[in-house]
Chemist: 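Mind looking over this structure? Questions follow.
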Amino acid sequence: MDGRSRRNFKGTPVHVKIGYGSNTKTRFLMPDGFLKFRVSNVKELELLLMHNKKYCAEIAGNVSTRKRRAIVERAEQLQIKVTNGEAKLREEAA
């Protein structure tokens, strides 16, 4: 009831207002103009086959290295951009 934020005291965080929203045409666009689509396996990557100019793939964080390699390889064949294709794919120094 008597919180500082609700009473708009100085030094408190700004309240959320409708004016802080982004433009609906560019809301989820990345700086390169693509929309993200989270992918966990190669089968989900096939959904982007016809939409590779509008959407790019983002590999989920819990995907193993072996499946990542398969996803990145298939994405190259389908000409789909992968935003985090280099993640978890370090080469071991021999």
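Only heavy atoms go into these numbers, but all of them, side chains included; no hydrogens, no water, no symmetry mates.
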Chemist: Any chain of hydrophobic side-chain contacts (each under 4.5 Å) joining V16 to V14?
Modeler: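 V16 does not cluster with V14.
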Chemist: Tell me every residue that passes side chain to side chain donor-acceptor pair (under 3.5 Å) with Q77, counting only those two or more places apart in sequence or in another chain.
Modeler: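 Here the qualifying residues are R74.
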Chemist: Determine whether F37 and V42 fall in the same hydrophobic cluster, where Ile, Leu, Val, Met, Phe, Trp and Tyr are linked whenever their side-chain heavy atoms lie under 4.5 Å apart.
Modeler: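 Yes, F37 and V42 fall within the same hydrophobic cluster.
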Chemist: Going by side chain to side chain contact (heavy atoms under 4.5 Å, CB included), name the residues that satisfy it together with K53, two or more places apart in sequence or in a different chain.
Modeler: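 Scan of K53 (side chain to side chain contact (heavy atoms under 4.5 Å, CB included), adjacent residues dropped) gives none.
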Chemist: Pairs in or reaching into residues 4-13: which pass side chain to side chain donor-acceptor pair (under 3.5 Å), with residues at least two apart or in two chains?
Modeler: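 Of all non-adjacent pairs touching residues 4-13, those that pass side chain to side chain donor-acceptor pair (under 3.5 Å) are N8-H15.
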Chemist: F34: which other cluster members, linking ILVMFWY side chains closer than 4.5 Å, directly or transitively?
Modeler: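 Its cluster partners, ordered by chain and number, are none at all.
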Chemist: Check for me, please, whether V39 and L47 land in the same ILVMFWY cluster - side-chain distances under 4.5 Å, paths through other members count.
Modeler: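 Same cluster.
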Chemist: Once side chain to side chain contact (heavy atoms under 4.5 Å, CB included) is applied, do any residues pair with K88, and if so which ones, sequence neighbours excluded?
Modeler: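 Expected list: T65, R68.
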Chemist: Could I get the full list of side chain to side chain contact (heavy atoms under 4.5 Å, CB included) partners for A60, not counting sequence neighbours?
Modeler: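 A60: side chain to side chain contact (heavy atoms under 4.5 Å, CB included) contacts with R38, S40, N62, V63.
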Chemist: Nearest 0.5 Å, please: how far is CG in L78 from CG in N52?
Modeler: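 It comes to 8.0 Å.
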Chemist: Can you tell me how far the CG atom of L48 sits from the CD atom of Q79, to the nearest 0.5 Å?
Modeler: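 Interatomic distance, L48 CG to Q79 CD, rounded to 0.5 Å: 13.5 Å.
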Chemist: Would you mind listing every side chain to side chain donor-acceptor pair (under 3.5 Å) that reaches into residues 19-37, with sequence neighbours excluded?
Modeler: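 Qualifying pairs: D32-K81, K36-E58.
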Chemist: In the single-linkage hydrophobic clustering (I, L, V, M, F, W, Y; side-chain heavy atoms under 4.5 Å), do Y55 and M50 co-cluster?
Modeler: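 No; tracing contacts between hydrophobic side chains, which count when under 4.5 Å, never links both residues.
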Chemist: Who are the salt bridge (charged side-chain N to carboxylate O under 4.0 Å, His left out) partners of E44, not counting sequence neighbours?
Modeler: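 E44: no salt bridge (charged side-chain N to carboxylate O under 4.0 Å, His left out) contacts found.
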Chemist: Partners of V82 by side chain to side chain contact (heavy atoms under 4.5 Å, CB included), sequence neighbours excluded?
Modeler: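 Side chain to side chain contact (heavy atoms under 4.5 Å, CB included) list for V82, sorted by chain: A57, I59, A75, N84.
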